[in-house]
S.K.: 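What follows is a single structure, and I will ask about it in a moment.
Since the model is a prediction, treat every value here as computed from it, not as a measurement. The residues of the chain are indexed from 1 along the displayed sequence.
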Amino acid sequence: MDIQLNLINYSNDVANSQVLIFQKNEATNFGELAIAWKVITNCGVGCNHPFVFPLKFEVCSSDSDGNYTRKMSATNGNKFAVEMGRSGHILRLTSEPTASPFEVELKNNLSLGSVSAKVFKDGKLLAKHQIVSPAQKAVFQFIPKIFIGVVSDVKQGEEINTAVLSDINTEFDLLGISSADIIMSGGGGGTLATQFRFELDNVV
């Protein structure tokens, strides 16, 4: 199921700020940085930016030779393995259960060489585990929750540094929602400036 979202800029922004949207991997214990899943730019005051937030996602892996496996659709409980095929590295869905039914795992079954595990949502990078050594696995768990905030100089698909992350404290639980507007307000310049705020409206 896809969730239809629509950012509406009712702010007093005077700096053409970016709006950053991302998710956090709830399963990680490795200090991984979140990825800038979507960065909205040039959405002026009074303008809106509709976008889709799918609940499904895809996984793939890459190796030190610069190869990427094909993306495979993933759901909770899926366990994938990177293996050596007849023509090189491949990614396949295994029949093995994951440690938790709410997680997706990607295991490195190669005898030599680490891989990077990547998760994509709506075709855009959502999360990654940079180094998965042989016999090790990357674990991903996502709940239908997004984090949103105003930033500058953040690039979509890249890691978000800790300083930026610490400034973003607005989160929306999208469980049970099929569509909603995200109203952006606040901002401005000089002594009348206020913090940017985000609220959900017209929730269906």
S.K.: Quick one: does Leu200's side chain get under 4.5 Å of Ile177's, heavy atoms only?
M.R.: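 Sidechains of Ile177 and Leu200: in contact.
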
S.K.: Would a hydrophobic clustering, with Ile, Leu, Val, Met, Phe, Trp and Tyr connected at side-chain separations under 4.5 Å, put Leu7 with Val203?
M.R.: yes

S.K.: Hey, what do you get for CD1 (Ile3) to CG (Leu175), rounding to the nearest 0.5 Å?
M.R.: 8.5 Å

S.K.: Looking at every non-hydrogen atom in both residues, tell me the closest pair between Ala81 and Asn109 and how far apart they are.
M.R.: CB-ND2, 3.4 Å

S.K.: When you look at His89 and Met84, which way does the side-chain contact (heavy atoms from CB on, under 4.5 Å) test go after all the steps?
M.R.: CA-CA 5 Å; His89 298 166; Met84 179 61 76; 3.4 Å; yes

S.K.: Closer than 3.5 angstrom, by distance alone: can the side chain of Asp65 be matched with the main-chain N or O of Asn67 as a donor-acceptor pair?
M.R.: no

S.K.: Nearest 0.5 Å, please: how far is NZ in Lys128 from CG in Leu33?
M.R.: 9.0 Å

S.K.: Give the minimum heavy-atom separation between Ser61 and Val82, together with the two atoms involved.
M.R.: OG-CG2, 3.4 Å

S.K.: Spell out, yes or no, whether Ile183 and Val150 are grouped together once hydrophobic residues are joined by side-chain heavy atoms under 4.5 Å, including indirect joins.
M.R.: no

S.K.: Run the numbers on Ile146 and Leu5 for side-chain contact (heavy atoms from CB on, under 4.5 Å), then give the verdict.
M.R.: CA-CA 11 Å; Ile146 60 170; Leu5 298 174; 4.2 Å; yes

S.K.: Are Leu125 and Val59 joined in one hydrophobic group, where the rule is that I, L, V, M, F, W and Y side chains link up if heavy atoms are under 4.5 Å apart?
M.R.: no

S.K.: Do Leu174 and Leu55 have side chains that get closer than 4.5 Å, going by heavy atoms?
M.R.: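 Not in contact.
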
S.K.: Looking at Ile168 and Ile148, what are the two nearest heavy atoms and their distance?
M.R.: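 Closest approach of Ile168 to Ile148: CG2-O, 3.3 Å.
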
S.K.: In a check of side chain to side chain contact (heavy atoms under 4.5 Å, CB included) between Glu96 and each of Thr98, Leu93, Thr94, which one passes?
M.R.: Thr94

S.K.: Evaluate whether atom CD1 of Ile131 has more than 12 neighbouring non-hydrogen atoms of other residues, nucleotides or ligands under 6.0 angstrom away.
M.R.: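 12 or below, so no.
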
S.K.: Distance check, rounded to the nearest 0.5 Å: Leu106 atom CG versus Leu91 atom CG?
M.R.: 5.5 Å

S.K.: Minimum heavy-atom separation for Ala36 to Leu20, with atom names?
M.R.: CB-CD1, 3.5 Å

S.K.: Within this structure, what is the CG-NE2 distance for the pair Asn6 and His49, rounded to the nearest 0.5 Å?
M.R.: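 The NE2 atom of His49 is 9.0 Å from CG of Asn6, to the nearest 0.5 Å.
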
S.K.: Which pairs with one or both residues in residues 7-24 pass side-chain hydrogen bond (donor to acceptor under 3.5 Å, both in side chains), sequence neighbours excluded?
M.R.: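 Passing the test, one end in residues 7-24: Asn9-Ser11, Asp13-Ser17, Asn16-Asn42, Gln23-Lys121.
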
S.K.: Looking only at heavy atoms, what is the nearest atom pair of Asn25 and Val139, with distance?
M.R.: ND2-O, 3.0 Å

S.K.: Is the number of heavy atoms from other residues, nucleotides or ligands under 6.0 Å of Lys124 NZ greater than 12?
M.R.: yes

S.K.: Is there side-chain contact between Phe51 and Ile182, with heavy atoms separated by less than 4.5 Å?
M.R.: yes

S.K.: If you look at every heavy atom in Cys60 and Tyr68, which pair is closest and at what distance?
M.R.: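 Distance-wise, the nearest heavy atoms are SG-CD2, 4.3 Å.
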
S.K.: Less than 4.5 Å apart, side chain to side chain, heavy atoms only: is that true for Val52 and Gln4?
M.R.: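 A side-chain contact exists here, since the closest heavy-atom pair is under 4.5 Å.
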
S.K.: Are Leu165 and Val39 co-members of a hydrophobic cluster defined by side-chain heavy atoms under 4.5 Å apart?
M.R.: yes

S.K.: With a 4.5 Å cut-off on side-chain heavy atoms, are Thr41 and Gln156 touching?
M.R.: no

S.K.: Under the 3.5 angstrom rule, does the side chain of Asn108 hit a backbone N or O of Leu110 as a donor-acceptor pair?
M.R.: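 Judged by distance alone, yes, a pair lies under 3.5 Å.
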
S.K.: Among Phe57, Phe53, Phe147, whose ring pair (Phe, Tyr, Trp, His ring centres under 6.0 Å) with Trp37 holds?
M.R.: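 The passing option is Phe53.
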
S.K.: Would Ile8 and Ile21 show up in the same hydrophobic cluster when neighbours are defined by side-chain heavy atoms closer than 4.5 Å?
M.R.: no

S.K.: If you apply the rule side-chain contact (heavy atoms from CB on, under 4.5 Å), what do you find for Val19 with Phe196, and how did you get there?
M.R.: CA-CA 10 Å; Val19 177; Phe196 286 101; over 6 Å; no

S.K.: Quick one: CG on Asn78 to CD on Glu105, what's the gap to the nearest 0.5 Å?
M.R.: 10.0 Å

S.K.: Going by distance alone, is a donor N or O of one side chain under 3.5 Å from an acceptor N or O of the other, for Lys118 and Ser62?
M.R.: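 Yes - a donor-acceptor pair under 3.5 Å links their side chains.
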
S.K.: Let me confirm one number: the NZ-NZ distance from Lys79 to Lys137, rounded to the nearest 0.5 Å.
M.R.: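 It is 5.0 Å, given to the nearest 0.5 Å.
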
S.K.: Please confirm whether the backbone N or O of Val164 pairs with a side-chain atom of Asp167, one donor and one acceptor, at under 3.5 Å?
M.R.: no

S.K.: Kindly assign one of parallel, tilted or perpendicular to the pair Phe142 and Phe140, based on the angle between their ring planes and the thresholds 30° and 60°.
M.R.: parallel

